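The shown structure was predicted, so the numbers you read here are calculated from the model rather than taken from an experiment. Lettering follows sequence order; numbering is per chain, from 1.
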Amino acid sequence: MLRFIGRRLLQAMFVLLIISVISFMIQDKLGDPVQQMVGQSVPQQDRLALQQDLGLNDPLLVQYGRFLGRALQGDLGTSYYYKEATLDIILSRLPATLELSFSALVLVILLATPLGVVAAIHPKSLLSRAILIFSTLGLSVPIFIVAVFLMYFFAIEWRLLPSFGRGETTWVMGLWQSGLFNKDGLLHLLLPSFSLAFVLTPMFIRLIRAEMIDALQSEYIRYAWSKGISASRIYFVHALKNTMLPVITVAGIQVGTLVAYTILTESIFQWPGMGLLFMEAVTRVDVPLISAYLMVVGVIFVVTNTVVDLVYSLVNPRVRLPGYGS
Amino acid sequence: MSLLKLENLSVTFGNFRAVDQISYSVNEGEVLGIVGESGSGKSVSSLSLMGLIDYPGKVSADQLTFMDQDLLSMPEAQRRKITGSDIAMIFQDPMTSLNPCFTVGYQIIEALKTHQGGTKKELKHRAIELLTLVGIPAPESRLSAYPHQLSGGMSQRVMIAIAIACNPKLLIADEPTTALDVTIQAQIIDLLIDLQKEKQMGLVLITHDLALVAEVAHRVIVMYAGQIVESGPASEVFSAPKHPYTQALLASLPESAAGRARLQALPGVVPGQYDRPKGCLLSPRCPYVTDHCRNVEPTSQGSLERQVKCHTPLNTQGRPAA
């Protein structure tokens, strides 16, 4: 287990190194930092001095070395707009995004699992056809349409749910600003998380259905029937556990998609998370913030995939992690 | 007393009759061998006894009773209770039949819990007992093993343990040794027969292995293209086959071909869905075929104890009687 994690960490570092190169290149190539910092009225002489001070005249490799050195110490640069450390800004927005993605993921699982299983048990029934039509529709409707429609009906027409923002938040252990522990926060979470869940649910319904149909035709399911155990156990224990193996793998990869779509969701619902921050940073050409965002998302992605690999080995006994167990 | 009785049982998939009006019975403590080549309906008929024929397959019968209870008309829930407890089945390939995601112990205890119940400790204790009974060494540690960690022979022993867990009255073994090593086959059969004798179970043994049937079965049924072509006491059927197909099956054994260059075999294959002949289903392959055979399907002659489905059954000299 330890050896596995160690190897995974090495791989993760390599991935992060590549991301850091990209982040750095963006910083260097996306517009003129001095222009961004001081505006129009500063004389040319001061501009050159500032350029020298910022180290922008050094060779590229030296600049990158400096960037990497600082990054390793947790310094991902200073935002042009906020004039604060970018990492601090992003981390302060991280809870909002993580809570949104997490609740969306939970919704995806809660919706897709029963629907996918039902659609697999009686593939030709009306219900499963309806589920399939819904999922095809869901795959083809972009999230901003879904989100806007949800917002229009639930927030504007029926006035049931708030249309923007995060609502009331509470501090958990002084570290984490959470909206999950009061009614207002949860109400605010509903529309954004549903919209975000809408991106992945159709795909997971189809994936679970396909894998489930496969599993149901296997010999061990026929054998399970011959043991006289109940139908629900056969579907939801015997078949579903085998179905989950590929689903978990895909889920790990799709966390990236989910993070990408938080940018859209957060923009639509003015959700004060990393995605919204990123959009703002792009419109303000706040390059250090953009590159810091890339780094943080890279870390999130690598961590979730490592966790998925670990979970996978727990679900599938045939997978033995190198250096773990017998 | 007859444990299982079926009369004119058919299993149809659309227009195709995979099992065509078969009748037989199994008595308590009796070993019934069912033989026939691939595609003759042996497995399908036994799956239908377990209620395991999936849509669009249809099972129909004039009578299908187990211990005088009608299996076809009883409520589904009641039938599910009998399945796996009073009637248990062992499948052909143990490696694919055990669920790869659950431990051996889980799968044994699951069967026990479904039909008998008990505390966690009792169940575990009983599972260990069962594994000991089927000859698995170090049963305590095997409980936490996953199927992929066991050899084929071990897996088959586990399946047998699960099958006998609820003390079935009837055990159906569908080619229980086909997927196993030759060296293991004899051990598994010995185990099965020992358990059958000890528990006085009825055993339906489906197999390709004629020598095995001759050795262990009390009665034997020979199936061809979904029909029973001959049945009777094993010794009689094998020493004096009345049906040309049985004769041909026996002749195809390597032992019968001693000194010859080739094994004796009937030309052709079992007819499929679209090439069923008009008269006797064996007529295209039968060495004794007559025009009558090609046009008129024979009916079963004799009693349930000794039936043969042929226009011209063979006499004791192995020649057509008429």
Side-chain angles (χ1 to χ4, degrees), chain A residues 113 117-129 208 211-249 308 310-321 324-326, chain B residues 43 46-47 49-56 76-104 106-116 141 144-149 155 158-159 162-163 165-166 168 171-172 174 179:
Chain A
T113 310
V117 170
V118 166
I121 293 173
H122 303 294
K124 290 198 172 141
S125 74
L126 239 104
L127 180 63
S128 40
R129 278 168 208 263
I208 290 175
E211 291 296 329
M212 188 82 178
I213 286 177
D214 246 23
L216 285 179
Q217 281 165 351
S218 66
E219 196 71 5
Y220 56 80
I221 291 301
R222 173 177 276 181
Y223 178 61
W225 282 109
S226 87
K227 283 165 79 181
I229 52 188
S230 67
S232 58
R233 268 195 80 80
I234 288 172
Y235 294 138
F236 287 96
V237 178
H238 280 259
L240 193 60
K241 193 166 178 193
N242 283 280
T243 303
M244 276 304 143
L245 303 176
V247 174
I248 288 173
T249 315
V308 163
L310 288 173
V311 171
Y312 191 78
S313 74
L314 290 180
V315 179
N316 187 355
R318 283 165 296 186
V319 172
R320 279 277 163 254
L321 302 174
Y324 172 66
S326 55
Chain B
S43 296
S46 59
L47 288 172
L49 300 180
M50 302 291 289
L52 294 180
I53 300 295
D54 291 329
Y55 182 85
E76 180 67 17
Q78 196 185 343
R79 181 153 195 199
R80 297 288 301 153
K81 253 181 217 156
I82 293 178
T83 306
S85 60
D86 288 338
I87 310 178
M89 185 159 174
I90 297 167
F91 283 67
Q92 197 176 106
D93 188 351
M95 308 293 266
T96 58
S97 295
L98 294 170
N99 193 322
C101 280
F102 296 97
T103 61
V104 165
Y106 183 93
Q107 299 190 49
I108 299 175
I109 287 171
E110 181 180 42
L112 288 168
K113 212 154 66 181
T114 308
H115 297 291
Q116 297 179 334
S141 61
S144 53
Y146 284 95
H148 72 276
Q149 294 166 320
S155 304
V158 169
M159 263 226 265
I162 294 173
C166 303
L171 185 59
I172 300 169
D174 184 3

State, to 0.1 Å, how close Ser218(A) and Ala215(A) come at their nearest heavy-atom pair, and which atoms those are. OG-O, 2.6 Å
Specify the closest pair of heavy atoms between Ser46(B) and Ile172(B), including all atoms of both residues, with the distance to one decimal. CB-CG2, 3.6 Å
Is Gln92(B) in contact with chain A via its backbone, its side chain, both, or neither, using a 4.5 Å heavy-atom distance? neither
Ring-plane angle category for Tyr235(A) and Trp225(A), please: parallel below 30°, perpendicular beyond 60°, tilted otherwise. perpendicular
When every non-hydrogen atom of Lys227(A) is compared with those of His115(B), the smallest separation belongs to O-NE2, 2.8 Å
Quick one: of Ser85(B), Pro100(B), Gly84(B), who has the most non-hydrogen atom pairs under 4.5 Å with chain A? Pro100(B)
Determine the option with the most heavy-atom pairs under 4.5 angstrom with chain A, choosing from Arg79(B), Glu110(B), Met50(B). Glu110(B)
Of Ala165(B), Cys166(B), Cys101(B), the largest count of non-hydrogen pairs under 4.5 angstrom with chain A goes to Cys101(B)
So what's closer than 4.5 Å to chain A heavy atoms on Leu47(B): side chain, backbone, both or neither? side chain
Starting from the C-alpha separation in whole Å, work towards a yes-or-no answer on side chain to side chain contact (heavy atoms under 4.5 Å, CB included) for Asp93(B) and Glu219(A). CA-CA 8 Å; Asp93(B) 188 351; Glu219(A) 196 71 5; 5.6 Å; no
Of the backbone (N, CA, C, O) and the side chain (C-beta and beyond), which part of Ser226(A) lies under 4.5 Å from a heavy atom of chain B, both, or neither? both
Partner of Tyr223(A) under side chain to side chain contact (heavy atoms under 4.5 Å, CB included), chosen from Asn99(B), Ile90(B), Leu52(B), Ile162(B): Ile162(B)
Region of Thr114(B) that comes under 4.5 Å of a non-hydrogen atom in chain A: side chain
